[in-house]
Novice: 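Sharing a structure here in structure tokens format.
All of these numbers come straight from a predicted model, not from anything done at the bench. Convention: sequence-line order gives letters A, B, ...; per-chain numbering from 1.
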Amino acid sequence: MKEKELRRSQAVLPIGTVMKLTDLSARQIRYYEEQGLVVPPRSEGNRRMYSLNDIDKLLEIKDYLAEGINMAGIKEIYAQEAAKKAKLQEEAKNRVMTDAEMRRVLQKEFINVSGLGKPTTFPHNQHL
DNA sequence: ATTCTAACA
DNA sequence: TGTTAGAA
């Protein structure tokens with residue numbers, strides 16, 4: 001994974017900073033967590049630590065809410081996205097597997113044609 | 001000083 | 001969602 005992504009997912013911001021950056025109340029931020037959206041890790045002192053990605057997601061949630069979408073609707077949206085990503089990963093996985101499959105076939109073919117493989121059936125000499 | 005949880009005149 | 005109390 002790229003460093004840039006790691007930094008964006010690094011949870012280092014306390015809720016106070018998140019409040020200012022998103023203009024959301026602590027109550028709202030914690031409520032969204034209760035609803036399963038944006039669940040930040042906790043520090044040793046049980047303090048929520050947010051990442052820049054969390055900030056983005058909170059702003060995204062704020063926009064959905066402003067558009068009149070309720071919690072259930074937002075949950076559905078993320079549920080669909082999650083399902084879509086899972087599907088894409090599954091397809092990528094299958095794609096890799098078929099590539100490996102093809103390599104096996106080509107490798108096998110090469111061995112046969114080159115005659116380097118262990119001959120399972122000896123070609124019987126034909127009488128002249 | 002900040003944040004956390006739980007509760008509601 | 002706001003607010004508040006008591007603890008960490």
Side-chain angles (χ1 to χ4, degrees):
Chain A
M1 196 170 275
K2 296 181 289 293
E3 289 183 33
K4 187 177 181 181
E5 316 262 328
L6 289 177
R7 276 198 298 270
R8 288 191 66 69
S9 58
Q10 266 288 63
V12 293
L13 312 173
I15 198 169
T17 302
V18 179
M19 290 173 67
K20 295 172 184 173
L21 262 34
T22 63
D23 194 42
L24 289 170
S25 66
R27 182 79 166 84
Q28 292 175 305
I29 298 172
R30 297 188 185 117
Y31 175 67
Y32 302 153
E33 176 180 350
E34 249 180 39
Q35 298 308 302
L37 310 104
V38 190
V39 181
R42 303 299 189 89
S43 68
E44 288 184 13
N46 194 39
R47 265 109 204 239
R48 279 169 259 252
M49 299 303 281
Y50 298 85
S51 68
L52 293 176
N53 283 328
D54 291 333
I55 301 292
D56 290 337
K57 190 159 185 180
L58 285 170
L59 289 173
E60 195 172 84
I61 292 171
K62 190 183 175 187
D63 287 338
Y64 285 138
L65 255 28
E67 292 174 29
I69 304 175
N70 54 46
M71 280 303 109
I74 296 177
K75 286 184 184 178
E76 289 176 32
I77 292 175
Y78 288 129
Q80 289 181 192
E81 287 185 2
K84 190 168 186 175
K85 288 184 180 178
K87 182 182 177 183
L88 288 177
Q89 286 184 42
E90 191 58 35
E91 292 176 351
K93 180 181 176 183
N94 292 329
R95 191 192 71 228
V96 169
M97 290 178 73
T98 44
D99 284 353
E101 190 75 21
M102 182 156 288
R103 286 193 184 186
R104 272 180 44 200
V105 174
L106 294 177
Q107 179 85 339
K108 196 173 188 176
E109 185 64 12
F110 169 73
I111 291 176
N112 287 339
V113 172
S114 65
L116 294 175
K118 4 180 172 40
T120 56
T121 61
F122 283 70
H124 292 215
N125 295 328
Q126 300 294 346
H127 293 284
L128 298 178

Novice: Atom NZ of A:K20 to atom C1' of B:dT3: distance rounded to whole Å?
Specialist: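 Answer to the nearest Å: 13 Å.
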
Novice: Check the distance between B:dT3's P and A:R30's CZ and give it to me in whole angstrom.
Specialist: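 One finds 8 Å between P of B:dT3 and CZ of A:R30, rounded.
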
Novice: Reckon A:G45 touches a base, only the sugar-phosphate, or nothing at all at heavy-atom distances under 4.0 Å?
Specialist: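 Touches nothing.
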
Novice: Find out whether A:I29 and A:V18 are in side-chain contact, i.e. whether some heavy atom of one side chain is under 4.5 Å from a heavy atom of the other.
Specialist: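 When only atoms from C-beta onward are counted, A:V18 and A:I29 do touch, with a gap below 4.5 Å.
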
Novice: Rounded to whole angstroms, how far apart are CD on A:E34 and P on C:dG2?
Specialist: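 The distance from CD of A:E34 to P of C:dG2 comes to 14 Å, rounded to the nearest Å.
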
Novice: Check the distance between B:dT3's P and A:R48's CZ and give it to me in whole angstrom.
Specialist: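 Checked: the CZ to P distance equals 11 Å.
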
Novice: How many Å lie between CG on A:N46 and P on B:dT3, as a whole number?
Specialist: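 In whole Å, B:dT3 P and A:N46 CG are 13 Å from each other.
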
Novice: May I ask you to verify whether the side chain of A:R47 and the base of B:dT2 hold a donor-acceptor pair under 3.5 Å?
Specialist: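 Side chain to base: pair found, below 3.5 Å.
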
Novice: Using 4.0 Å as the upper bound for N to carboxylate O, is an ion pair formed by A:K57 and A:E60?
Specialist: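 Not counted as a salt bridge, because no side-chain N and carboxylate O are separated by less than 4.0 Å.
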
Novice: With no hydrogens and no angle check, is any side-chain donor or acceptor of A:K62 less than 3.5 Å from a backbone partner on A:T22?
Specialist: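 Yes, because the side chain of A:K62 sits within donor-acceptor range (under 3.5 Å) of the backbone of A:T22.
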
Novice: Could you state the CG-C1' distance from A:D23 to C:dT1, rounded to the nearest angstrom?
Specialist: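 Distance check: A:D23 CG to C:dT1 C1' gives 14 Å.
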
Novice: Do A:R27 and C:dT3 have a side chain to base donor-acceptor pair shorter than 3.5 Å?
Specialist: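 Pair found.
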
Novice: What I'd like to find out is whether the side chain of A:M1 reaches to under 4.5 Å of the side chain of A:L6, using heavy atoms alone.
Specialist: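 Yes, side chains in contact.
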
Novice: Does the structure show a Watson-Crick or G-U wobble partner for C:dA7, both distances under 3.5 Å? Name it, or say none.
Specialist: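 Paired with B:dT3.
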
Novice: Verify the contact: side-chain N or O of A:R42 to OP1 or OP2 of B:dT5, cut-off strictly under 4.0 Å; return yes or no.
Specialist: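 So the side-chain polar atoms of A:R42 do come within 4.0 Å of the phosphate oxygens OP1 or OP2 of B:dT5, strictly under.
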
Novice: Without decimals, in angstroms, what is the distance between A:I15 CD1 and B:dT5 P?
Specialist: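 Distance check: A:I15 CD1 to B:dT5 P gives 9 Å.
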
Novice: Partner of C:dT1 by Watson-Crick or G-U wobble geometry, both contacts under 3.5 Å, or none?
Specialist: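 Check on C:dT1: unpaired, no WC or wobble geometry under 3.5 Å.
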
Novice: Is the phosphate of C:dT1, meaning OP1 or OP2, less than 4.0 Å from a side-chain N or O of A:Y32?
Specialist: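 Indeed, a polar side-chain atom of A:Y32 lies that close.
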
Novice: Determine yes or no for a side-chain-to-main-chain donor-acceptor pair under 3.5 angstrom, with A:E5 supplying the side chain and A:K2 the backbone.
Specialist: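 Side chain of A:E5 to backbone of A:K2: no pair is present.
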
Novice: If I take atom CG in residue A:L65 and atom C1' in nucleotide C:dT1, what distance separates them, rounded to the nearest angstrom?
Specialist: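 Distance check: A:L65 CG to C:dT1 C1' gives 11 Å.
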
Novice: Between A:S25 and C:dG2, is there a contact of a side-chain N or O with OP1 or OP2 at under 4.0 Å?
Specialist: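 Yes, because at least one side-chain N or O of A:S25 sits under 4.0 Å from OP1 or OP2 of C:dG2.
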
